[in-house]
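Okay, so here's the structure we're looking at.
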Amino acid sequence: MGEILDGRALADQLQIKLKEEVEQLPFSPKLVVILVGDDGASEIYVRNKKRAAEKVGIISVVENLPKETSEAELLALINRYNEDPETDGLIVQLPLPAHLNEEKIISAVDPAKDVDGFHPENAGLLLTGKNQLVPSTPLGIMTLLNHYGISVAGKIATVVGRSNIVGKPMAQLLLQNDATVIMTHSKTKNLAEMTKLADILIVAIGRGQFITADYVKEGAVVVDVGMNRNAEGKLVGDVDFKQVEPLASFITPVPKGVGPMTITSLLQQTVKAAKIRRGIS
Ligand code: GUN
């Protein structure tokens, strides 16, 4: 039986600590979230970020732009917040509507305010082990593993999914912490052979209940980044929890696993960015 990695409980604990830290600051950090269009899932994520930010004393502004917004209009808004001395964190919710070039938009955010850690400069710093601001989901996962006393050093960690947001930065953080990393993706042959080697299995592929018992070694630590709706409209992860939980030593649930940790990391990084920008250590 796998012990539950309770992201919700740890996130609540860390957010209380962060609130105390924010109260000691001589200013209120400010996080700006830009949302383009009306993607239902994105709207929920953004609302959750705003609510959590306000709970810890971070000023939160959501800029909700229509889906027809032009690249020039979006770049102008980003630029306005880049120049705003009160803004510490600036993120653009992904995915963007198809006519907007994601790479160009992400690159326009001031790297010092890029609390998502998506800017090529921050991605490069992560690659070379000089982390400044790093993507929230992988950071939250490392915090969660650490809290439960799970060391990745010397272990085989298999990452399923190679997105810039989760898979790639996750692999870098695992490497930095001395794991032996196996990167897998949609073109991987014999995926189950790779996942069955894993002492730590991180799954971020966006396919509901894809990872069944056949993919998991007995005693593995299983981290599920997925958020999918099944045929009945129920929220499910990328892991078939019912099948895999009895095999795992530790496992994250969906919901209340990785999701709350992602938001907590975003808030932590907003406070970190604010302190660096404003010269407080
Ligand atoms: N879309 C899915 N995850 C994320 C995230 O962590 N940040 C942003 N900006 N968009 C996302």
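All figures in this text were calculated on a predicted structure; none of them were measured in a lab. Ligands are counted one by one from 1 in listed order, and the atoms in each one are counted from 1 as well.
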Original post:
Where does Y45 meet ligand 1, judged by heavy-atom distances below 4.0 Å: at the side chain, the backbone, both, or neither?
Top reply: neither

Original post:
Any donor-acceptor pair under 3.5 Å linking the side chain of N228 with the backbone of G237?
Top reply: yes

**OP:** Compute the shortest N/O to N/O distance between V92 and ligand 1 and return yes if it is under 3.5 Å, no if not.
**Re:** yes

Subject >> Verdict with supporting geometry, T158 and I202, side-chain contact (heavy atoms from CB on, under 4.5 Å) >> reply: CA-CA 6 Å; T158 301; I202 316 265; over 6 Å; no

Original post:
Of the options Q15, Q13, K17, which is the one that meets T264 in a side chain to side chain donor-acceptor pair (under 3.5 Å)?
Top reply: Q15

**OP:** Before accepting this row, confirm whether a basic side-chain N of the pair E21/K275 lies closer than 4.0 Å to the acidic partner's carboxylate O.
**Re:** yes

Subject >> Under-4.0 Å heavy-atom contact with ligand 1, by part of K49 that carries it >> reply: side chain

Original post:
For D116, is at least one N or O under 3.5 Å away from an N or O on ligand 1?
Top reply: yes

Subject >> Nearest-contact summary for atom 4 (C) of ligand 1 - protein heavy atom, Å >> reply: Q93 NE2, 4.1 Å

Subject >> D240 side-chain N/O to I211 backbone N/O, donor-acceptor pair under 3.5 Å >> reply: no

**OP:** Please determine if L94 has a nitrogen or oxygen closer than 3.5 Å to a nitrogen or oxygen of ligand 1.
**Re:** yes

Original post:
Who's the nearest protein heavy-atom neighbour of atom 3 (N) of ligand 1, and how far?
Top reply: I165 CG2, 4.2 Å

**OP:** Around atom 5 (C) of ligand 1, find the nearest protein heavy atom and jot down its residue, atom name and distance.
**Re:** F118 CZ, 3.9 Å

Original post:
So V225 and I205, side-chain contact (heavy atoms from CB on, under 4.5 Å) or not? Walk me through it.
Top reply: CA-CA 8 Å; V225 182; I205 46 171; over 6 Å; no

